[in-house]
Amino acid sequence: MDIEILATPKDITEKKLKEKAAVIFDVLRATSTIVTALANGCRAVIPAKEIAEAKRIEGELKSKDVLLGGERGGERAPGFPHGNSPLEYPQAVVAGKVLVLTTTNGTRAIRLAAKGASVLLIGSLLNARAVAGRLWELQNDVVLVCAGTNGNFSLEDALAAGVVVKEILSLASGRNKIGCREGDPENLRRSGPATEAGPGNPPVILSDLATAVYRLALWYGDNLLPAFYDSRHGQRLLRLGLAGDLEHCSRLNLYDLVPVYRQGIITVPWLSLL
Ligand code: 3SL
Ligand code: MG
């Protein structure tokens, strides 16, 4: 299993995603909001690129069971009844509903990453372990896509990608030999933080960027809120009075679910079977 990281959506090409299992991260806040809404019983999220597109979809669906959410510049999109705060989507609001959502970076990055990948998962810190578990089951080559902010690298998205790499290596080390085991410098020199092939499993091979985000995740450990204080977008949301959102989005492995984007719609597959 090869693991590659795309640091911003500018790096997305069909060739890089072709036949890969991809995950998109916009930890602050789009993918955290999507994961939270689905965990709270939302039936589906439709990510729209533009405000006009979101309004059009809502109009076409025209039902009291459809919610319209949107953000621009960190604030609720003009005229929208809902914004992009995960805390706006508790069970009482979203259960059984469809959410049409448009955000500055996240929903656009989802739509972009959908081109080419064999499967596109929605990732965040909230569901990092569940995402890693799904990737491990798939045993496909992996591309972790960071949505970033206005085309720039975002620390929090790279961190979430690193946490997923860490979880995959931990799953792999159950059966495989992990190259970077602490106190084993000989092994580290030989293979870096990749794993060697184990019985029934191919090796896990990290790109240099995947190694970098893995090291980032090790550095922050399990308390991830400080990373949001370090990040420029985290600082901006704090200035907007959204400390509660940061606190929620930093909660590691709060939810055990893996949303999937397919043909314009994000659902949790086992939910859609109900
Ligand atoms: O850019 C996005 O997609 C948003 O998640 C940004 S914000 O956190 O809502 O400002
Ligand atoms: Mg973001």
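When a ligand or atom number is given, it counts from 1 through the structure's own listing order.
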### Summary
Near L28 (heavy-atom distance under 4.0 Å), the atoms of ligand 1 are 5 (O), 6 (C), 8 (O)
### Message
Strictly distance-based, threshold 3.5 Å: is any side-chain N or O of T8 a donor or acceptor partner for the main-chain N or O of K10?
### Response
yes
### Query
Hey, which atoms in ligand 1 end up nearer than 4.0 Å to a heavy atom of N84?
4 (C), 5 (O), 7 (S), 9 (O)
### Message
Please work out, at 4.0 Å between heavy atoms, whether the side chain, the backbone, both, or neither of D26 comes within that distance of ligand 1.
### Response
side chain
### Task
Kindly write out the residues that satisfy salt bridge (Lys or Arg N to Asp or Glu O under 4.0 Å) with E58, not counting sequence neighbours, or none if the list is empty.
none
### Message
Less than 4.5 Å apart, side chain to side chain, heavy atoms only: is that true for I51 and R72?
### Response
yes
### Task
Using a cut-off of 6.0 Å, state whether more than 12 heavy atoms not belonging to R56 lie near its atom CZ.
yes
### Message
Checking S124 against R29: is there a side-chain donor and acceptor pair closer than 3.5 Å?
### Response
no
### Task
Flag yes if more than 12 heavy atoms outside Q235 fall under 6.0 Å of its CD atom; otherwise flag no.
yes
### Query
When you look at R262 and T267, which way does the side chain to side chain donor-acceptor pair (under 3.5 Å) test go after all the steps?
CA-CA 8 Å; R262 197 174 294 129; T267 55; 5.6 Å; no
### Task
Any atoms of ligand 1 less than 4.0 Å from a non-hydrogen atom of A30? List them with their elements.
3 (O), 5 (O)
### Message
Within a 6.0 Å radius of atom CG on D222, are there more than 12 heavy atoms belonging to other residues, nucleotides or ligands?
### Response
no
## Note on the structure
The answer for which part of R29 has a heavy atom under 4.0 Å from ligand 1 is both
### Task
Examine G73 against ligand 1 and note whether any of their N/O atoms are separated by less than 3.5 Å.
no
### Message
If you count every heavy atom of other residues, nucleotides or ligands that lies below 6.0 Å from E60 atom CD, does the total exceed 12?
### Response
yes
### Query
Among all protein non-hydrogen atoms, which one is nearest to atom 1 (O) of ligand 1, and what is the separation to 0.1 Å?
N105 ND2, 2.6 Å
### Query
Can an N or O of L237 be found at a distance shorter than 3.5 Å from an N or O of ligand 1?
no
### Summary
Protein N/O/S atoms closer than 2.8 Å to the Mg ion (ligand 2), ordered by chain and number, come to D26 OD1, L28 O
### Query
What distance do C249 atom SG and L125 atom CG have between them, rounded to the nearest 0.5 Å?
8.0 Å
### Message
Let me confirm one number: the CG-CG distance from L121 to N127, rounded to the nearest 0.5 Å.
### Response
9.0 Å
### Query
Quick one: nearest non-hydrogen protein atom to atom 6 (C) of ligand 1, plus distance?
H233 NE2, 3.6 Å
### Proximal atoms of ligand 1 relative to T104 (non-hydrogen, under 4.0 Å)
1 (O), 2 (C), 3 (O)
### Message
T107 versus ligand 1: do any nitrogen or oxygen atoms come within less than 3.5 Å of each other?
### Response
no
### Task
Any atoms of ligand 1 less than 4.0 Å from a non-hydrogen atom of G74? List them with their elements.
10 (O)
